[in-house]
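To start, the structure under review is shown below, and the notes come after it.
Start at 1 and go down the list; that is how both ligands and their atoms are numbered. Worth knowing before you read on, the calculation uses all heavy atoms, side chains too, and leaves out hydrogens, waters and symmetry mates.
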Amino acid sequence: MTSFFKVKSLDEVLGMTQLFSPVGIEELHTRDAFSRVLAKDLISGENLPGFRRSCMDGYAVSAASTFGASESGPAWLTLKGAIAMGDIPDFKLAPGEAARISTGGMLPAGADAVVMVEHTEAVDEQSIEIYKSVAPLQHVIDVTEDFAKGQTVIEKGRLMRPQEIGLAAGLGHTRIRTYQVPKVGIISTGDEVIPVDKTPEPGMVRDINSYSLSALVTQAGGEPVRYGIVKDDPRALKSMCKKALAHTDMVLLSGGSSVGTRDYTVEVLSDLPDTDILVHGISVSPGKPTILAKSGHIPVWGLPGQVVSAMVVFQMVVTAFLHRLRGLSRPVFPVKTSARLSRNLASSQGRRDFVRVVLEQEGHELVARPILGKSGLIRTMVQADGLLEIGEHVEGLEKGSMVDIILLK
Ligand SMILES: Nc1nc2c(c(=O)[nH]1)N[C@H]1C(S)=C(S)[C@@H](COP(=O)(O)OP(=O)(O)OC[C@H]3O[C@@H](n4cnc5c(N)ncnc54)[C@H](O)[C@@H]3O)O[C@H]1N2
Ligand code: MOO
């Protein structure tokens with residue numbers, strides 16, 4: 001029997017991300033850097049907060065002055081003054097003294113803790129009673145408690161989430177260096193594939209893949225560039241590949257990845273200058289007939305034409321390469337939930353299966369119902385809340401077992 005594919009494991013293929021490098025760097029205003037990846041360590045130029053800051057409304061004290069204080073035996077302290085927000089206190093606290101302070105105010109010299117106002121009682125204009133002792137630094141943010149001057153606060157390769165944007169702003173970094181957004185060229189192939197604004201004759205299909213793949217590229221942090229539909233003609237496909245390679249950082253071809261009489265992708269890619277076929281076949285289902293080539297420094301994918309397979313391979317394989325091009329230094333962990341499996345599921349050993357599932361709430365539990373349908377049915381992806389992964393060494397899963405579901409965004 002002819003073996004068409006030299007199938008590689010998913011882990012082997014994912015290991016190939018290291019053969020590719022992040023795209024170029026650009027400087028951006030911090031407010032535009034959301035979802036970008038930092039290209040240079042961000043160093044703190046100052047201490048944060050830079051002064052001892054109260055995190056409660058109450059009284060600044062030396063903790064030692066409150067030791068032993070209780071409801072029945074309060075500590076008695078002399079009121080030295082009040083600290084206005086944003087002011088530097090112009091007095092020092094001696095033992096046995098306290099100063100009125102608000103949340104965010106600067107502690108005076110001699111103070112190392114704050115007593116919450118609800119644990120005090122004013123005796124008269126000059127003195128207060130304290131009903132609860134505080135420990136040193138209680139209710140206080142210390143000078144370098146967020147960050148110290150010179151410290152790396154965000155490492156190169158980290159994603160700029162809302163909290164990283166806030167931190168950069170808090171340290172006064174208005175411009176930061178990030179990786180560019182990788183451009184991803186998308187080419188649909190197939191004599192039967194027509195533009196979505198045309199009405200298909202029998203035997204024809206509208207071009208679903210360049211739309212679903214564009215959306216996936218955007219979701220994974222890339223910029224899709226659509227090159228339309230190319231007929232099953234090696235010369236036309238080669239010329240479109242060259243065009244996409246000249247203007248993008250990664251190329252996705254959909255269709256023609258298998259071994260049919262009109263599946264030219266491998267032939268065309270092999271024929272491009274400075275191009276190696278790294279993968280033709282991955283031991284996953286759906287998506288086995290996937291191709292990965294390296295053209296110069298650019299990854300080129302031959303994705304299966306089946307609408308579900310193209311999407312699943314993008315999510316489970318291509319995304320890791322796009323993250324590499326974006327400059328991300330750590331994996332982005334998929335969002336998962338735990339659910340009880342509604343039925344027995346068979347699976348072939350030696351292959352990783354990704355089964356589409358619907359999630360349903362039953363009492364306090366989530367139940368995962370597998371959607372059994374062919375990989376040419378877009379309906380099955382639309383119904384799916386997530387994917388259930390069945391490992392290479394697992395023969396099947398039993399009804400009632402708890403499983404992890406990768407949620408589809
Ligand atoms: N003898 C074998 N045949 C096949 C195998 C195999 O191992 N041995 N694998 C099957 C699997 S699994 C898949 S998946 C497909 C992949 O085939 P291709 O990548 O060559 O894709 P096409 O034949 O071009 O198309 C498959 C299917 O998808 C439709 N299609 C293609 N492009 C689009 C698009 N842009 N939008 C919507 N639909 C699209 C196309 O019309 C076909 O129906 O190979 C199996 N064969
Ligand atoms: O990859 Mo194919 O998608 O199993 O139908």
Side-chain angles (χ1 to χ4, degrees), residues 1-10 13 184-217 224 226-234 236-237 240 244 251-269 277 279-293 300-318 346-348 350-356 370-382 384 387 389-390:
M1 197 177 83
T2 323
S3 177
F4 295 108
F5 304 110
K6 290 197 189 69
V7 177
K8 288 197 162 46
S9 74
L10 181 53
V13 177
V184 181
I186 299 171
I187 305 171
S188 279
T189 70
D191 288 339
E192 79 289 17
V193 181
I194 58 163
V196 297
D197 56 356
K198 298 276 182 298
T199 304
E201 302 286 332
M204 309 294 246
V205 288
R206 289 201 184 90
D207 177 16
I208 291 182
N209 291 350
S210 64
Y211 281 73
S212 53
L213 290 170
S214 289
L216 284 167
V217 165
R226 276 197 230 137
Y227 287 92
I229 303 161
V230 179
K231 295 275 174 214
D232 291 316
D233 163 18
L237 187 55
M240 192 59 96
V251 178
L252 307 179
L253 305 170
S254 105
S257 66
S258 193
V259 289
T261 45
R262 46 142 226 186
D263 291 334
Y264 299 117
T265 305
V266 159
E267 184 190 316
V268 165
L269 294 180
I277 307 289
V279 178
H280 190 190
I282 309 180
S283 51
V284 293
S285 176
K288 182 174 119 184
T290 295
I291 300 161
L292 170 60
V300 185
W301 295 90
L303 298 178
Q306 301 284 29
V307 288
V308 174
S309 316
M311 290 192 76
V312 170
V313 171
F314 187 95
Q315 305 255 58
M316 294 304 148
V317 193
V318 179
S347 160
S348 298
R351 176 182 91 183
R352 235 191 272 189
D353 282 354
F354 294 96
V355 180
R356 286 143 271 159
I371 303 167
L372 302 173
K374 301 181 184 72
S375 54
L377 302 171
I378 188 71
R379 158 177 69 79
T380 60
M381 257 335 243
V382 174
L387 297 174
E389 179 175 349
I390 311 181

Report task. Pick, from Pro289, Gly302, Gly305, Ser212, the option with the minimum heavy-atom distance to atom 21 (O) of ligand 1. Result ->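 When every heavy atom of Pro289, Gly302, Gly305, Ser212 is considered, Gly305 comes closest to atom 21 (O) of ligand 1.
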Query - Shortest reach to atom 17 (O) of ligand 1 by a heavy atom, considering only Ser258, Gly281, Pro286 - result: Ser258
For residues [X] and [Y], is any side-chain donor paired with an opposing acceptor at under 3.5 Å?
X: Ser214; Y: Arg226; value: yes
X: Thr380; Y: Arg356; value: yes
X: Ser188; Y: Asn209; value: no

Query raised in the report: If we only count N/O pairs under 3.5 Å, is Ser375 in contact with ligand 1?
Result: no
Query raised in the report: Does an N or O anywhere in Ser309 fall below 3.5 Å from an N or O of ligand 1?
Result: no
Requested in this report: Please confirm whether Gly256 comes under 4.0 Å of ligand 1, counting heavy atoms of the residue only.
Outcome: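 It does, in that a heavy atom of Gly256 comes within the 4.0 Å cut-off of ligand 1.
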Query raised in the report: Should Gly376 be listed as contacting ligand 1, given a heavy-atom distance under 4.0 Å as the test?
Result: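 False for this residue.
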Report task. Could you tell me whether the side chain of Thr265 and the main chain of Gly256 form a donor-acceptor pair under 3.5 Å? Result -> yes
Query raised in the report: Is the closest N or O pair between Gln306 and ligand 2 shorter than 3.5 Å?
Result: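 No - when backbone and side-chain N and O of Gln306 are compared with those of ligand 2, no distance drops under 3.5 Å.
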Could you tell me the separation between the [atom1] atom of [X] and the [atom2] atom of [Y], rounded to the nearest 0.5 Å?
X: Asp233; Y: Thr189; atom1: CG; atom2: OG1; result: 11.5 Å
X: Ile378; Y: Arg206; atom1: CD1; atom2: CZ; result: 13.5 Å
X: Lys288; Y: Arg351; atom1: NZ; atom2: CZ; result: 8.5 Å

Can you name the atoms of ligand 2, numbered from 1 with element, that are less than 4.0 Å from a heavy atom of [X]?
X: Pro289; result: 1 (O)
X: Lys288; result: 1 (O)
X: Gly287; result: 1 (O), 2 (Mo), 3 (O), 4 (O)
X: Ser375; result: 2 (Mo), 3 (O), 5 (O)
X: Ser309; result: 1 (O), 2 (Mo), 3 (O), 5 (O)

Report summary line: atom 4 (O) of ligand 2 has as its nearest protein heavy atom Pro286 CA, 3.5 Å
Requested in this report: Pull out every atom of ligand 1 sitting under 4.0 Å from any heavy atom of Ser188, numbered as shown with elements.
Outcome: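 Atoms satisfying the 4.0 Å criterion: 35 (N).
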Query raised in the report: For Ile187 and Val251, what are the C-alpha separation, side-chain angles and deciding distance, and is it a side chain to side chain contact (heavy atoms under 4.5 Å, CB included)?
Result: CA-CA 8 Å; Ile187 305 171; Val251 178; 4.2 Å; yes
Query - side chain to side chain contact (heavy atoms under 4.5 Å, CB included) evaluation trace for Ile186 with Tyr227 - result: CA-CA 6 Å; Ile186 299 171; Tyr227 287 92; 5.9 Å; no
Report task. Assess whether side chain to side chain contact (heavy atoms under 4.5 Å, CB included) is satisfied between Leu269 and Val300, documenting all intermediate values. Result -> CA-CA 8 Å; Leu269 294 180; Val300 185; 3.6 Å; yes
Report task. Indicate, as side chain, backbone, both or neither, the part of Ile208 found under 4.0 angstrom from ligand 1 when only non-hydrogen atoms are considered. Result ->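 Both backbone and side chain.
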